[in-house]
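The next block holds one structure in the form of structure tokens; read it before the comments.
Given the structure is predicted, the values throughout are model-derived calculations rather than measurements. Counting starts at 1 for both ligands and their atoms, in listed order.
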Amino acid sequence: MERLDKIVSKAGAVSRSDARGYILRGLVTVDGNVVRDISLKVDPKLQEITLNSKSLTYKKYCYIIMNKPKGVLSASDDKWAKTVIDILSPVLKRRNLFPVGRLDKDTTGLLIITDDGDFAHNLLSPSKKVPKEYLVTLDGKIEQSIIDGFATGLTLKDGTMLSPAVLKKTEKSNVALVKIVEGKYHQIKRMFGLFDLGVNELKRTSFGGLTLPDDLEEGQYREVKEEEMKILMDSVSLKSYS
Ligand code: URA
């Protein structure tokens, strides 16, 4: 159950104060009856709500998949820099969306954005060991000793011990695929830094078993599809979502 003004605001893509205005002016019905009580608790899954005679489809939470472009911060809000939320449409900006975890400003690729705190918490929980895959372009060659080091489990310079990671070569001697199950600050860059290799390009290609769709260009985003949602839920063993 949620307050009627909240539901009308989210489902009707209007501000909370506009939603209140519409309700007070008698433009909102619940199960066929005009309701003027903005704080009435309604179950949008069971009750039919209309605004201006149009049925509202209400989604409690929103899940967005974005191909994060370079030069944009993975944050909800920043005084100076453009954030991933700034890229979203005005309707989406009205929701309290935030990115699930962080990619560096110069990293591109798969980023999930949501307003579902529990879901995000699960995906970020270290105990869930959610897999993340990156395509990395380095400023040097990938030697077998590096692959072996990643597989054994590295210890970062500050003493942080990492779980074993998978490092796979590609046809290019300086381009690799890396799979990790943690999300430490600058983790990939620090892992290669242990071998005196610098990261020139970093792109996240997969998160929680979900692969970045080929047709999602840098800077583009869309709602996570039902089947994609299942993949993410499976990665953290959640049974259902709102
Ligand atoms: N590791 C990094 O170093 N940077 C990222 O953005 C993600 C993982």
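Lys203 and Thr107 are not linked by any side-chain donor-acceptor pair at a separation below 3.5 angstrom, with hydrogens and angles left out of the test.
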- Could you please spell out the steps behind the side-chain hydrogen bond (donor to acceptor under 3.5 Å, both in side chains) verdict for Asp116 and Thr114? CA-CA 5 Å; Asp116 183 345; Thr114 186; 5.2 Å; no

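For Lys93, the NZ atom is densely surrounded, since the number of other residues' heavy atoms within 6.0 Å is greater than 12.
Listed for the Ser74 side chain is a donor-acceptor partner under 3.5 Å among the backbone atoms of Leu103.
The 4.0 Å heavy-atom shell around ligand 1 contains residues Leu103, Asp104, Thr107, Tyr134, His186, Gln187, Ile188, Lys189, Leu202, ordered by chain and number.
Both tests do not hold together for Arg190 against Phe192: distance to the six-membered ring centre under 6.0 Å, angle to the ring axis within 45°.
Residue Leu40 shares its hydrophobic cluster (ILVMFWY side chains chained together at separations under 4.5 Å) with Leu4, Ile7, Val8, Val14, Tyr22, Ile23, Leu24, Leu27, Val28, Val30, Val35, Ile38, Val42, Ile49, Leu51, Leu56, Tyr58.
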